[in-house]
Amino acid sequence: NFATSSIFTTPTLNVLETTAPLIESQETATIQPVEIIDFSNAADVSQTARLGNGNIRQFVYSKNSDYFAIATDIGYYIYETNTYKLIDFFETPAIVLTISFSPDGKKLAYGMINNTINLITVNGKLLLQIKPDERQFSNIQSVMFSPDGNRIAGRFDFGGLGLWDASDGSFIMSINETDQSLLLNIFAFSLQGDFIVTGNGANYARKWDASNGALLRSYGPYEDNIIG
């Protein structure tokens, strides 16, 4: 059963090797080689294998559901939906917190814990890298393409939403609460991409103009935080 398969929940174990000399234990009953790694020989250590697949951060289908992608602590995986066949795995330099397919299914955007958004082809070719201004945005939580695929939106713990041009990575605008202590818990584009809806920690939903970021309408308060 795919949903309960242990391959997606196995913690990652890195197996290392070193060219440093071994020091034998002084125990007389069983003498076992002991590898001592310190500052003097750390450069000699290299990875020989990786066992496990990293903790899962997000799971997302392509628009036509032919493929799905999994964001993990060590990179991201792409699978064929009908067969669960692994199409490819791409290792990343930082934890992948969030991932999203473009509407045409030919590209992916993913956000890493180092506050970087990468736009790639499905075969792993890097198209562009977005590095949000950390004075304005920090702690990325989710990324999403606009319905036409022309913009990439990122939601941050601090800074609200940011929108970037998917063709060149240029910054377009931000959308945020007037009271910036109200975190945006969730957001979504309308089907036509002309407005964006957000939910905040004060139990309000907001409707924003996706072309200029203007607040169009508020809904609520609701009885609890809007999280989905």
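All residue numbers refer to positions in the sequence shown, counting from 1.
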Partners of T92 by side-chain contact (heavy atoms from CB on, under 4.5 Å), sequence neighbours excluded?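 Counting only residues at least two positions away or on another chain, T92 forms a side-chain contact (heavy atoms from CB on, under 4.5 Å) with Y76, V96, Y110, M112.
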Begin from the C-alpha positions of T198 and I196 and carry the test side chain to side chain contact (heavy atoms under 4.5 Å, CB included) through to its verdict. CA-CA 7 Å; T198 62; I196 296 171; 4.2 Å; yes
Do F89 and I74 touch side chain to side chain, with heavy atoms closer than 4.5 Å? yes
Test of understanding: with side-chain hydrogen bond (donor to acceptor under 3.5 Å, both in side chains), list the residues that count as partners of K131, not counting sequence neighbours. T116
Tell me, do Y219 and K207 make a side-chain contact under 4.5 Å, heavy atoms counted? yes
Treating Ile, Leu, Val, Met, Phe, Trp and Tyr as nodes and any side-chain heavy-atom pair under 4.5 angstrom as an edge, say whether I130 and F158 lie in one connected cluster. no
Considering all heavy atoms, the nearest S174-F137 contact: CB-CZ, 3.7 Å
Results of side-chain hydrogen bond (donor to acceptor under 3.5 Å, both in side chains) for N82 - residues two or more places apart only: none
All heavy atoms of E134 vs all of N114, minimum pair found to be OE2-O, 4.0 Å
Go through the structure and list residues passing side-chain contact (heavy atoms from CB on, under 4.5 Å) with L126, not counting sequence neighbours.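 With neighbours one apart ignored, the set is N118, I120.
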Linking I/L/V/M/F/W/Y whenever their side-chain heavy atoms sit closer than 4.5 Å, directly or via other members, would I175 and L215 fall into one cluster? yes
Could you tell me which residues satisfy side-chain contact (heavy atoms from CB on, under 4.5 Å) with D209, sequence neighbours excluded, listed by chain and number?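 Listed in chain order: S211, N212, A214, L216.
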Donor-acceptor check, side chain of S62 to backbone of Y67, threshold 3.5 angstrom: yes or no?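 Between the backbone of Y67 and the side chain of S62 there is a qualifying donor-acceptor contact (under 3.5 Å).
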L108-L119 co-clustered via ILVMFWY side chain contacts under 4.5 Å: no
Rounded at 0.5 Å granularity, tell me how far OG in S170 sits from CG in L163. 11.0 Å
Drop me the distance from T81's OG1 to N64's CG, to the nearest 0.5 angstrom. 8.0 Å
Quick one: are W164 and I117 in side-chain contact, heavy atoms under 4.5 Å? yes
Of the non-hydrogen atoms in N176 and G160, which two are nearest, and what is the gap between them?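 Closest heavy-atom pair between N176 and G160: OD1-CA, 3.6 Å.
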Test your reading of the model: is there a side-chain donor-acceptor pair from S102 to the backbone of K107, 3.5 Å cut-off?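 Side chain of S102 to backbone of K107, a donor-acceptor pair under 3.5 Å: yes, one is there.
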Residue pair R206 / F187, side-chain heavy-atom distance below 4.5 Å: no
Taking ring-ring contact (aromatic ring centres under 6.0 Å, His included) as the test, write out the residues that go with F195, two or more places apart. none
Partners meeting salt bridge (Lys or Arg N to Asp or Glu O under 4.0 Å) with R135 (sequence neighbours left out):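 With neighbours one apart ignored, the set is D133.
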Minimum heavy-atom distance G169-L128, with the two atoms named: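 Smallest heavy-atom distance, with atoms named: N-CD2, 3.7 Å.
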Do the non-hydrogen side-chain atoms of L184 and L161 ever get within less than 4.5 Å of each other? yes
So, do Q58 and I70 sit near enough that their side-chain heavy atoms are less than 4.5 Å apart? no
Considering only distance and modelled atom types, tabulate donor-acceptor pairs under 3.5 Å from the side chains of residues 142-153, sequence neighbours left out.
residue: S142; atom: OG; partner: R155; partner atom: NE; Å: 3.2
residue: S146; atom: OG; partner: D148; partner atom: OD1; Å: 2.6
residue: S146; atom: OG; partner: N150; partner atom: N; Å: 3.4
residue: S146; atom: OG; partner: R151; partner atom: N; Å: 3.1
residue: D148; atom: OD1; partner: N150; partner atom: N; Å: 2.9
residue: D148; atom: OD2; partner: N150; partner atom: ND2; Å: 3.2
residue: R151; atom: NH1; partner: A210; partner atom: O; Å: 2.9
residue: R151; atom: NH2; partner: G193; partner atom: O; Å: 3.2

What residues, two or more places apart in sequence or in another chain, satisfy ring-ring contact (aromatic ring centres under 6.0 Å, His included) together with W208? none
Side-chain donor-acceptor pair under 3.5 Å between N53 and Y77, yes or no?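 The answer is yes; a qualifying pair exists.
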Show, in sequence, the C-alpha distance, side-chain angles and deciding distance for D194 and S190, and conclude whether the side chain to side chain donor-acceptor pair (under 3.5 Å) test is met. CA-CA 6 Å; D194 52 348; S190 64; 2.6 Å; yes
ring-ring contact (aromatic ring centres under 6.0 Å, His included) against Y61, all qualifying residues, sequence neighbours excluded: F59, F68
Checking R57 now: which residues fulfil salt bridge (Lys or Arg N to Asp or Glu O under 4.0 Å) with it, not counting sequence neighbours? D73
Apply side chain to side chain contact (heavy atoms under 4.5 Å, CB included) to Y79 and L86, showing your working. CA-CA 4 Å; Y79 288 84; L86 176 63; 3.7 Å; yes
Sequence-distant partners of V60, side-chain contact (heavy atoms from CB on, under 4.5 Å), two or more places apart: A69, I99, F101
